[in-house]
Amino acid sequence: MNRALRYATVGAIAVSLLAGGSAAAFAAPQDLHAAKPVVATAPAAASLTAKASVNSVKAWQEFRISGAAKGLQAGTKVTVQQKQGTKWVSLPAQTPVAKSGAYSVRVKLGIKGANQLRMAAGRTVSPVVSVTVR
């Protein structure tokens, strides 16, 4: 009797699995058309370009650093940084990024010699620009 009960139980489970599997097979094509897969894209890495309006200036003579920002929102502040020794120091010269991504900032330097400058917005930095102060 025990064997007969097992066969009946296995049969009932098999029938329910087959019925459930066929229902799922008929339902699957409808689900494929109803839900579209969502593809996640990684955000573009932010970048900055920079170009000085001159290569050489007199001490405290004003010049401009202009460039473009990609991957940054309009209004994000970009700051001029100067390499002093082994550290990058932020100067009190900053400007917001325009809707087009362009920016331009006025700079005055007093440290004579070759000055290495870059633009920074958070962790995003531009390539180094060199301006000599005579």
Side-chain angles (χ1 to χ4, degrees):
M1 180 82 121
N2 212 1
R3 185 179 289 178
L5 183 59
R6 278 189 292 190
Y7 285 137
T9 305
V10 170
I13 291 173
V15 169
S16 65
L17 286 175
L18 288 175
S22 63
F26 288 115
Q30 295 171 1
D31 290 342
L32 289 176
H33 297 292
K36 295 191 179 196
V38 177
V39 178
T41 57
S47 65
L48 289 169
T49 63
K51 183 175 180 176
S53 60
V54 294
N55 293 329
S56 177
V57 293
K58 292 181 182 179
W60 303 112
Q61 180 183 349
E62 186 177 283
F63 65 97
R64 287 192 168 273
I65 297 178
S66 302
K70 290 184 182 176
L72 296 176
Q73 289 184 337
T76 301
K77 298 270 186 188
V78 290
T79 304
V80 179
Q81 290 185 336
Q82 180 183 40
K83 191 161 191 180
Q84 294 179 2
T86 59
K87 294 185 179 184
W88 287 97
V89 178
S90 293
L91 300 180
Q94 59 178 246
T95 189
V97 174
K99 287 182 183 178
S100 65
Y103 69 87
S104 182
V105 62
R106 295 181 292 182
V107 182
K108 291 181 181 181
L109 297 174
I111 299 175
K112 293 191 177 188
N115 286 271
Q116 293 181 327
L117 306 169
R118 69 181 186 185
M119 300 302 294
R123 293 185 177 198
T124 305
V125 294
S126 72
V128 176
V129 175
S130 184
V131 175
T132 303
V133 177
R134 345 179 263 282

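Residue numbers start at 1 and run along the sequence shown.
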Inter-residue atom distance [X].[atom1] - [Y].[atom2], 0.5 Å rounding:
{"X": "T95", "Y": "K77", "atom1": "OG1", "atom2": "NZ", "result": "7.0 Å"}
{"X": "E62", "Y": "S53", "atom1": "CD", "atom2": "OG", "result": "9.0 Å"}
{"X": "S126", "Y": "Q81", "atom1": "OG", "atom2": "CD", "result": "8.5 Å"}

Can you check whether V54 reaches Q61 side chain to side chain, under 4.5 Å on heavy atoms? no

Is any side-chain heavy atom of W88 less than 4.5 Å from a side-chain heavy atom of V128? yes

Verify side chain to side chain contact (heavy atoms under 4.5 Å, CB included) between Q94 and V80, making sure each step is shown before the conclusion. CA-CA 6 Å; Q94 59 178 246; V80 179; over 6 Å; no

Verify the distance criterion only: is there a donor paired with an acceptor across the side chains of S104 and S66 at less than 3.5 Å? yes

Is there a path of hydrophobic side-chain contacts, each under 4.5 Å between heavy atoms of I, L, V, M, F, W or Y residues, that connects V105 with L91?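 V105 and L91: one cluster.
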
Shared ILVMFWY cluster between Y103 and V125, side chains joined below 4.5 angstrom? no

Can you name the nearest heavy-atom pair linking [X] to [Y], along with the distance?
{"X": "V129", "Y": "A52", "result": "CG1-CB, 3.6 Å"}
{"X": "A121", "Y": "L48", "result": "N-CD1, 3.9 Å"}
{"X": "A93", "Y": "R106", "result": "CB-O, 3.8 Å"}
{"X": "A69", "Y": "L72", "result": "CB-CD1, 3.9 Å"}
{"X": "P127", "Y": "A50", "result": "O-CB, 4.5 Å"}

Looking at L117, I65, N55, V107, which one forms a side-chain contact (heavy atoms from CB on, under 4.5 Å) with V131?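 Among the candidates, only L117 passes.
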
Please identify each residue that fulfils side chain to side chain contact (heavy atoms under 4.5 Å, CB included) with K112, with sequence neighbours left out.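 Residues passing side chain to side chain contact (heavy atoms under 4.5 Å, CB included) with K112: A59, V133.
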
Take atom CZ in R64; do more than 12 heavy atoms of anything else shown fall under 6.0 Å from it? yes

Can you confirm whether Q73 is buried at CD, in the sense that more than 12 heavy atoms of other residues, nucleotides or ligands lie under 6.0 Å from that atom?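 Incorrect, the count does not exceed 12.
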
